[in-house]
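What follows is a short report on a single structure.
Numbers restart at 1 for each chain; the letters A, B, ... are given by sequence-line order, proteins then strands. Only this structure's heavy atoms are used, side chains among them; waters, hydrogens and symmetry mates stay out.
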Number of protein chains: 4
Amino acid sequence: MSLPTSPRPPGRPRSDATRQSILDASAHLLETESYDKISIERIASEAKVGKQSIYRWWGGKADVVLAAYTERVLPRLPPRAPTDDAFGDLDDFLRQLFASVSVPLVRRTMQGLLAEAQLDPEFRLKFYGVFVASRRTLFKQVLRHGIAIGQFRADLDVETIIDLLNGAFWYRLLSGSEEDLDDAFAASLVRSMRPAIEAPKPTGKSKK
Amino acid sequence: MSLPTSPRPPGRPRSDATRQSILDASAHLLETESYDKISIERIASEAKVGKQSIYRWWGGKADVVLAAYTERVLPRLPPRAPTDDAFGDLDDFLRQLFASVSVPLVRRTMQGLLAEAQLDPEFRLKFYGVFVASRRTLFKQVLRHGIAIGQFRADLDVETIIDLLNGAFWYRLLSGSEEDLDDAFAASLVRSMRPAIEAPKPTGKSKK
Amino acid sequence: MSLPTSPRPPGRPRSDATRQSILDASAHLLETESYDKISIERIASEAKVGKQSIYRWWGGKADVVLAAYTERVLPRLPPRAPTDDAFGDLDDFLRQLFASVSVPLVRRTMQGLLAEAQLDPEFRLKFYGVFVASRRTLFKQVLRHGIAIGQFRADLDVETIIDLLNGAFWYRLLSGSEEDLDDAFAASLVRSMRPAIEAPKPTGKSKK
Amino acid sequence: MSLPTSPRPPGRPRSDATRQSILDASAHLLETESYDKISIERIASEAKVGKQSIYRWWGGKADVVLAAYTERVLPRLPPRAPTDDAFGDLDDFLRQLFASVSVPLVRRTMQGLLAEAQLDPEFRLKFYGVFVASRRTLFKQVLRHGIAIGQFRADLDVETIIDLLNGAFWYRLLSGSEEDLDDAFAASLVRSMRPAIEAPKPTGKSKK
DNA sequence: GTCTAATCGAGACGGTACGTCGGGTCTTTGA
DNA sequence: TCAAAGACCCGACGTACCGTCTCGATTAGAC
């Protein structure tokens with residue numbers, strides 16, 4: 001009686017050293033080269049690895065770079081500790097989101113991968129999973145919390161609000177001017193959206 | 001009294017037939033091929049033209065395709081006739097904006113060019129000029145009109161609102177699911193943004 | 001005790017099929033096209049081979065054609081069996097030398113390669129090795145034999161004689177008229193050179 | 001009674017300044033560039049001349065360079081003053097012939113044109129006329145004079161002797177080693193050929 | 001003085017080929 | 001079976017020239 005899943009596939013097991021070497025090389029190239037100057041051949045040569053060892057495990061350049069990005073470069077957004085100031089939370093979240101792409105390496109990599117995602121529908125899904133879905137989830141938490149503590153209107157169209165704020169983020173990102181995604185922009189967004197988000201005051205008072 | 005502009009440069013003048021042939025070929029290829037399957041060589045061969053005749057006038061594939069797009073494919077947004085219903089105008093504008101990319105050809109081309117814009121900073125500027133700047137201008141007109149007729153709040157942060165709405169548009173566009181940019185989404189955007197845009201009612205309650 | 005020469009270099013070994021295919025294609029093209037109408041691209045396409053597979057192993061068109069020539073076209077001069085008639089041997093040798101270029105294919109190829117050798121000093125050395133050096137060696141054998149059996153003068157300036165006879169051969173060859181290198185010309189050369197080569201008769205008069 | 005040749009064709013006459021400019025440019029390029037690096041385009045650009053003005057009067061690069069060579073570079077062999085020492089004359093002639101190609105510019109140009117002559121049968125005729133025919137004539141004069149004054153044998157096969165000596169010259173030229181065509185080689189040739197050329201002494205005495 | 005005709009500089013044109021790069025696959029030896 | 005190495009076919013790159021063509025401008029003799 002054995003487990004249906006083979007406890008160990010036959011043959012030489014995958015070498016983790018090779019895997020790491022490939023990701024290291026990719027991450028290293030990302031630091032100095034623009035995404036489109038990177039090629040599988042360069043990664044393989046830099047990693048002292050056969051090209052086949054890349055193609056065996058990944059689908060192509062975008063795949064490898066995405067892996068290197070998530071394991072080597074990606075600035076993980078730390079979990080948000082919700083406070084009792086929902087607008088402050090939102091502002092913080094946006095600031096942090098913007099800050100996460102202030103590193104040119106991160107920015108350039110995302111642009112390269114974004115480009116690839118536009119050209120390759122299959123890769124777009126992976127790209128979306130890494131770069132978009134997780135952010136939406138975090139976004140949602142922030143908004144939900146605001147609603148829960150009564151500072152955001154109960155009938156908020158959460159998805160659309162995320163489309164708007166997230167959209168503004170991506171829009172500026174792909175527009176390419178590097179200075180745009182700063183704290184001031186985060187503040188502008190919150191300020192402009194406040195009337196759309198804020199729960200109506202029951203006793204007619206405007207914001208304190 | 002002669003014009004200071006040189007009446008005619010020396011040498012054989014540029015052949016418009018060649019130019020048209022190149023743009024025709026590009027536009028034709030765009031109809032059947034994805035952007036990344038198009039190459040200068042294919043354009044030249046389809047257009048029965050020497051490659052040099054392309055490189056002489058354009059910088060590369062993206063440049064040519066952009067030209068073909070603007071002259072052959074681009075769905076020009078007709079000028080908006082502002083009405084006395086500013087929210088209706090906004091909704092109309094968004095619907096039309098979304099409709100303009102509902103044609104798969106247009107959508108695919110924009111995605112390809114967007115990809116190129118991410119990879120080539122120089123091309124990004126051209127891309128921005130064609131795809132972004134003009135839309136922002138039209139957007140601004142709609143918002144300014146709403147302010148002028150008193151339906152939009154006077155202190156509206158126009159630029160940020162455009163970043164939000166335009167951002168939502170691009171965000172969905174590059175996310176790639178083709179069904180997203182429909183009239184319902186336009187309506188959702190307007191509905192969600194209404195409190196942020198609407199001029200406060202002088203005598204009391206906002207619209208129920 | 002192992003051989004110091006690496007028993008086998010790493011990586012996929014060179015494909016002999018590819019090599020043969022390239023040489024076949026080159027030889028085939030030489031049959032129908034003049035040397036200057038042949039291009040690497042044509043060879044590659046005819047051989048169903050990537051251009052890189054040519055550039056990987058040869059330096060350019062001249063290199064490939066030279067290889068094809070030596071392996072496919074070259075009419076090897078059979079080894080001369082020296083007789084006791086040294087002048088007859090010389091005459092035979094010249095006839096055979098001339099006959100070897102009587103095939104238009106050979107002649108045209110040599111002219112093309114000769115042209116290349118004039119333009120590219122590096123290739124000239126290879127050309128010289130294939131077309132000139134070996135002939136000089138054979139020439140030398142014939143002359144040395146004549147000296148050895150006492151029919152050629154002992155103080156013969158072998159190198160200069162070779163320059164003269166070989167020179168006459170090349171001179172006519174590159175002059176291009178195809179009829180010139182015939183048996184009659186060989187006979188003329190031998191007749192004219194005889195007094196310069198023949199060993200002086202010990203007892204008096206030279207041959208009347 | 002007018003000349004049958006049209007006294008003047010209609011239209012703008014050919015500009016000699018243009019012609020000179022083209023030849024100057026060609027000659028100038030020959031000084032610094034190898035023949036195969038020269039192109040019609042470079043000549044035209046250097047001469048500040050339209051390409052058509054070259055093609056109008058010459059057939060191609062080889063044609064122009066040949067013209068530039070003959071008018072700008074060619075070292076004219078001065079007419080030989082025959083003396084009463086026919087072997088001395090021959091030696092002088094060869095020395096001068098060899099000296100004429102000792103200038104690298106001359107040598108390189110001749111090699112380039114020789115290459116072209118091998119590739120283009122039509123050009124070969126022009127090449128032969130300029131580089132070969134005239135030398136043969138001079139050669140013939142030297143040999144005829146030697147015969148006339150009784151120092152060369154009366155039954156000399158002049159054409160074959162020229163083939164041999166001229167051949168040796170071209171053979172060394174196209175072999176490319178620059179040091180070969182020196183006075184010593186001229187002397188070797190004369191020495192080796194002497195028995196083949198010298199008129200037999202009537203009274204059995206050997207030379208001098 | 002036009003008119004006609006050919007030339008001139010300039011440079012665009014359709015082509016062919018260059019030599020290089022990279023993609024993704026295949027074929028070795030060796031672990 | 002995996003891995004390093006690297007050859008393989010293929011397609012495209014951007015460049016260089018080819019020889020031809022089309023411009024406006026010019027330079028003559030013919031009318």
Side-chain angles (χ1 to χ4, degrees), chain A residues 8-15 17-19 21 37-42 44-45 47-57 59-61, chain B residues 7-15 17-19 21 37-42 44-45 47-57 59-61, chain C residues 7-15 17-19 21 37-42 44-45 47-57 59-61, chain D residues 7-15 17-19 21 37-45 47-57 59-61:
Chain A
R8 171 74 95 91
R12 179 174 176 176
R14 177 174 187 184
S15 155
T18 292
R19 191 187 132 83
S21 179
K37 299 288 181 249
I38 296 176
S39 63
I40 292 281
E41 301 223 318
R42 293 237 282 160
S45 126
K48 262 84 180 293
V49 140
K51 285 202 289 176
Q52 199 63 268
S53 293
I54 298 179
Y55 284 113
R56 220 187 321 268
W57 305 108
K61 180 171 67 155
Chain B
R8 171 78 94 93
R12 180 176 176 174
R14 178 175 185 182
S15 156
T18 291
R19 190 188 131 85
S21 179
K37 298 286 181 254
I38 296 176
S39 64
I40 294 280
E41 299 229 316
R42 292 238 278 159
S45 124
K48 263 93 178 289
V49 142
K51 283 202 287 176
Q52 203 69 289
S53 294
I54 298 179
Y55 285 113
R56 218 186 323 266
W57 304 109
K61 181 173 68 156
Chain C
R8 172 76 94 95
R12 178 175 177 175
R14 177 174 186 183
S15 157
T18 291
R19 190 187 131 85
S21 179
K37 299 285 180 256
I38 296 177
S39 64
I40 294 281
E41 300 227 315
R42 292 237 279 160
S45 123
K48 263 88 178 290
V49 141
K51 283 202 285 176
Q52 203 68 290
S53 293
I54 298 179
Y55 284 113
R56 215 186 326 267
W57 305 108
K61 181 173 66 158
Chain D
R8 172 75 94 94
R12 179 176 178 174
R14 176 175 187 182
S15 155
T18 291
R19 189 188 131 85
S21 179
K37 299 289 180 243
I38 296 176
S39 63
I40 293 281
E41 300 224 317
R42 294 237 281 161
I43 295 172
S45 132
K48 262 89 180 290
V49 142
K51 285 204 288 177
Q52 199 63 269
S53 294
I54 298 178
Y55 284 112
R56 218 184 328 262
W57 304 109
K61 179 172 69 156

Applying side chain to side chain donor-acceptor pair (under 3.5 Å), name anything that partners C/Q52, two or more places apart in sequence or on another chain.
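Side chain to side chain donor-acceptor pair (under 3.5 Å) list for C/Q52, sorted by chain: empty.
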With sequence neighbours left out, the residues meeting salt bridge (charged side-chain N to carboxylate O under 4.0 Å, His left out) with A/R42 are A/E33
Can you list everything that forms a salt bridge (charged side-chain N to carboxylate O under 4.0 Å, His left out) with C/K61? Sequence neighbours excluded, please.
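Applying salt bridge (charged side-chain N to carboxylate O under 4.0 Å, His left out) to C/K61 gives none.
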State, with a plain yes or no, whether a side-chain heavy atom of B/W57 is found less than 4.5 Å away from one of B/R14.
yes
Are any of the side-chain heavy atoms of B/K48 and B/S21 separated by less than 4.5 Å?
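No, side chains not in contact.
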Round to the nearest Å and state the distance from [X] atom [atom1] to [N] atom [atom2].
{"X": "C/K37", "N": "E/dG15", "atom1": "NZ", "atom2": "C1'", "answer": "14 Å"}
{"X": "B/R42", "N": "F/dC10", "atom1": "CZ", "atom2": "P", "answer": "17 Å"}
{"X": "D/I40", "N": "E/dG15", "atom1": "CD1", "atom2": "C1'", "answer": "17 Å"}

Could you run down nucleotides 7-13 of chain E 5' to 3' and tag each one B, S or - for protein heavy-atom contact under 4.0 Å?
BBSBBBB
Angle of first-five versus last-five pair axes in the helix from E/dG1-F/dC31 to E/dA31-F/dT1, to 10 degrees
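The angle, to the nearest 10 degrees, is 10°.
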Atom of B/G50, atom of B/A44 and distance for their closest heavy-atom approach:
C-CB, 4.4 Å
DNA chain E nearest-nucleotide lookup for A/Y55 and C/K61: closer to the 5′ end is C/K61
Could I get the full list of side-chain contact (heavy atoms from CB on, under 4.5 Å) partners for B/T18, not counting sequence neighbours?
B/S15, B/I22, B/V49, B/S53
